[in-house]
Amino acid sequence: MTKRRDYSMDLLKFLASFGVVMIHVDANFRQGEFVKNTTAWDLSLAINLLTKWCIPIFIMISGYYLLNSSKEIDYNTFLKKRFKKVLLPFIVWSIIYNLYYQYISSGISIKWTALGLIKNILGYPTAAPLWFLYPLLGLYLMMPIFKGIVDKIDFKIIAIIIGFSIVIKTISPFTDMVLNGSMNYWNDVPIASSTFAIYFILGGYLGRINIPKNLRALLYVLTAIVFIGGFVATYKVPFIYDRSLEVTLDIGAINNMLLCISLFVMAQNMKFKKLSNSSIFTGFVGILSTVNFGVFLFHPIIIDLVKSKFLGISGNLIWILLAQGIIVYVVTSIVVYIMKKIPLVKEIV
């Protein structure tokens with residue numbers, strides 16, 4: 001029997017990979033183009049907050065598939081397959097980015113390339129996308145434990161753990177700023193301390209439950225209210241104690257957790273019955289699903305190449321920002337699709 005494609009997860013992966021591109025395009029704009037405390041600046045910050053869900057969604061999708069697999073998983077085979085898929089690209093792209101950033105700055109040095117690779121392995125990624133691979137490899141190592149949690153423990157218990165994690169991540173910035181004291185020791189509580197473990201387990205559970213329509217509507221409304229409130233708290237409240245209240249920037253904070261859950265649930269409940277009969281739609285989705293990982297790894301180089309073409313262009317900066325993001329995504333997708341056709345090269349994208 002042919003396994004039906006889950007278009008809801010394909011849609012989420014596409015939006016998440018595009019969102020990651022927008023995070024880094026937006027960051028470049030805020031460093032050099034936008035003037036603080038203007039409407040364009042505020043919209044740029046809103047884009048930044050609206051795309052914080054992208055990395056957690058990738059983690060949730062992994063949990064959705066891996067923790068709900070009906071197949072008997074051989075752990076050794078699983079690790080070999082997953083580590084080949086992630087560890088090899090991690091090492092190769094660490095070298096590529098080391099060479100690339102040396103080339104555009106001071107020239108290539110074998111010494112600094114070797115040191116850069118060692119730093120990458122120790123936890124100092126050369127390029128922004130590479131940091132995501134550290135927790136992903138850790139989640140793969142812990143997968144049997146998470147599978148046991150999802151299979152054996154009632155969701156109400158996990159909901160309490162998730163709630164505890166959200167509370168700590170959300171109120172910690174307040175205590176740090178107002179009371180001049182950190183809550184870091186609470187972050188050592190097992191499971192709750194790992195935001196990625198929470199998202200991984202959450203993706204597994206959401207694949208097993210069906211949330212009623214009225215509760216979904218309540219979830220969406222609550223998410224919108226919390227997001228707006230978080231934006232105001234982070235960027236519009238006066239800078240007490242001479243610094244901003246970065247309450248919404250942690251991916252484990254309540255606004256980001258709710259946004260991830262809402263988008264995940266919304267995608268799960270979308271109907272693709274008519275579209276799934278279209279060969280154009282299924283072919284397009286098939287192509288996008290093969291390039292997501294490569295886009296994630298390769299897009300910073302394309303951003304560097306594309307942004308120079310936008311220098312000196314006048315007009316609405318937000319539209320220029322969005323146009324640059326779309327161009328970077330499309331160009332990177334095409335390059336990665338071509339790379340997927342080349343033997344050996346396809347193993348790193």
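Quick caveat, the model's predicted, so the values are computed rather than measured.
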Next on the checklist: Parallel, tilted or perpendicular, judged at 30° and 60°: which one describes the rings of F298 and W93?
Outcome noted: tilted
Checklist entry - What pair of heavy atoms forms the shortest contact from V295 to V336, and how long is it? => result N-CG2, 3.8 Å
Next on the checklist: Could you check, using the six-membered ring where one of them is a Trp, whether F264 and W53 have ring centers closer than 6.0 angstrom?
Outcome noted: no
Next on the checklist: Run S94 and L130 through side-chain contact (heavy atoms from CB on, under 4.5 Å) and show every step you take.
Outcome noted: CA-CA 8 Å; S94 294; L130 298 180; 3.7 Å; yes
Checklist entry - Taking the six-membered ring for Trp, are Y329 and F14 parallel (under 30°), tilted (30 to 60°) or perpendicular (over 60°)? => result perpendicular
Checklist entry - Side-chain contact, heavy-atom cut-off 4.5 Å: F90 with I348? => result no
Next on the checklist: Let me confirm one number: the CG-CE distance from L67 to M60, rounded to the nearest 0.5 Å.
Outcome noted: 11.5 Å
Checklist outcome for this item: Rounded to the nearest 0.5 angstrom, the CZ-CG distance for R216 and N269 is 3.5 Å
Checklist entry - Any side-chain heavy atom of P56 sitting closer than 4.5 Å to one from N256? => result no
Checklist entry - Looking at L219 and S262, what are the two nearest heavy atoms and their distance? => result CG-OG, 3.4 Å
Next on the checklist: Rounded to the nearest 0.5 Å, what separates atom OG in S17 from atom CG in L297?
Outcome noted: 11.5 Å
Next on the checklist: Within the structure provided, determine whether I23 and F18 are in side-chain contact (heavy-atom separation under 4.5 Å).
Outcome noted: no
Item to check | Separation between CG of L322 and CD1 of I326, rounded to the nearest 0.5 Å | outcome: 6.5 Å
Checklist entry - Is any side-chain heavy atom of L202 less than 4.5 Å from a side-chain heavy atom of I261? => result yes
Checklist outcome for this item: Nearest heavy-atom contact between I201 and F146 is CD1-CD2, 3.7 Å
Next on the checklist: If hydrophobic clusters are built from ILVMFWY residues whose side chains come within less than 4.5 Å, do I225 and F227 share one?
Outcome noted: no
Next on the checklist: If hydrophobic clusters are built by linking Ile, Leu, Val, Met, Phe, Trp and Tyr wherever their side-chain heavy atoms come under 4.5 Å apart, do V221 and M257 end up in the same one?
Outcome noted: no
Item to check | Gap separating the NZ atom of K52 from the CD1 atom of I57, nearest 0.5 angstrom | outcome: 15.0 Å
Checklist entry - Minimum heavy-atom separation for K346 to K340, with atom names? => result CB-O, 3.4 Å
Item to check | Inter- and intrachain pairs under salt bridge (Lys or Arg N to Asp or Glu O under 4.0 Å), touching residues 217-227, at least two apart | outcome: none
Checklist entry - Would F296 and F132 count as a close aromatic pair, with their ring centres under 6.0 Å? => result yes
Checklist entry - Which heavy atom of M22 sits nearest a heavy atom of G325, and at what distance? => result SD-CA, 3.5 Å
Next on the checklist: Test of understanding: clusters of I, L, V, M, F, W, Y form through side-chain heavy atoms closer than 4.5 Å, transitively. Do I160 and I198 belong to the same one?
Outcome noted: no
Next on the checklist: Rounded to the nearest 0.5 Å, what separates atom OG in S8 from atom CE in M266?
Outcome noted: 13.0 Å
Checklist entry - Please walk me through it: do F58 and Y199 pass ring-ring contact (aromatic ring centres under 6.0 Å, His included)? => result CA-CA 9 Å; F58 278 123; Y199 279 116; over 10 Å; no
Checklist entry - Has M339 got more than 12 heavy atoms of other residues, nucleotides or ligands less than 6.0 Å from its CE? => result yes
Item to check | Minimum side-chain heavy-atom gap E347-L88 below 4.5 Å | outcome: yes
Checklist entry - How about N214 and L218: do any of their side-chain heavy atoms sit closer than 4.5 Å? => result no
Item to check | Check against side-chain contact (heavy atoms from CB on, under 4.5 Å), R208 and V150 | outcome: CA-CA 10 Å; R208 301 183 180 206; V150 173; 3.2 Å; yes
Checklist entry - How about D10 and S289: does a side-chain donor come under 3.5 Å of a side-chain acceptor? => result no
Next on the checklist: With side-chain contact (heavy atoms from CB on, under 4.5 Å) as the criterion, how do M142 and F200 come out once you've worked through the C-alpha distance, each side chain's angles and the decisive distance to 0.1 Å?
Outcome noted: CA-CA 11 Å; M142 299 289 288; F200 193 71; over 6 Å; no
Item to check | Test side-chain contact (heavy atoms from CB on, under 4.5 Å) applied to N76 and K81, step by step | outcome: CA-CA 9 Å; N76 290 331; K81 182 179 178 182; over 6 Å; no
Checklist entry - If you count the non-hydrogen atoms of other residues, nucleotides and ligands that lie under 6.0 Å from CZ in F78, is the total more than 12? => result yes
Item to check | Distance-minimising heavy-atom pair for Q268 and G207 | outcome: NE2-CA, 3.9 Å
Checklist entry - Given side chains that start at C-beta, do those of V21 and T332 come closer than 4.5 Å, heavy atoms only? => result no
Next on the checklist: Does any part of the side chain of T51, heavy atoms only, come nearer than 4.5 Å to the side chain of D26, both counted from C-beta?
Outcome noted: no
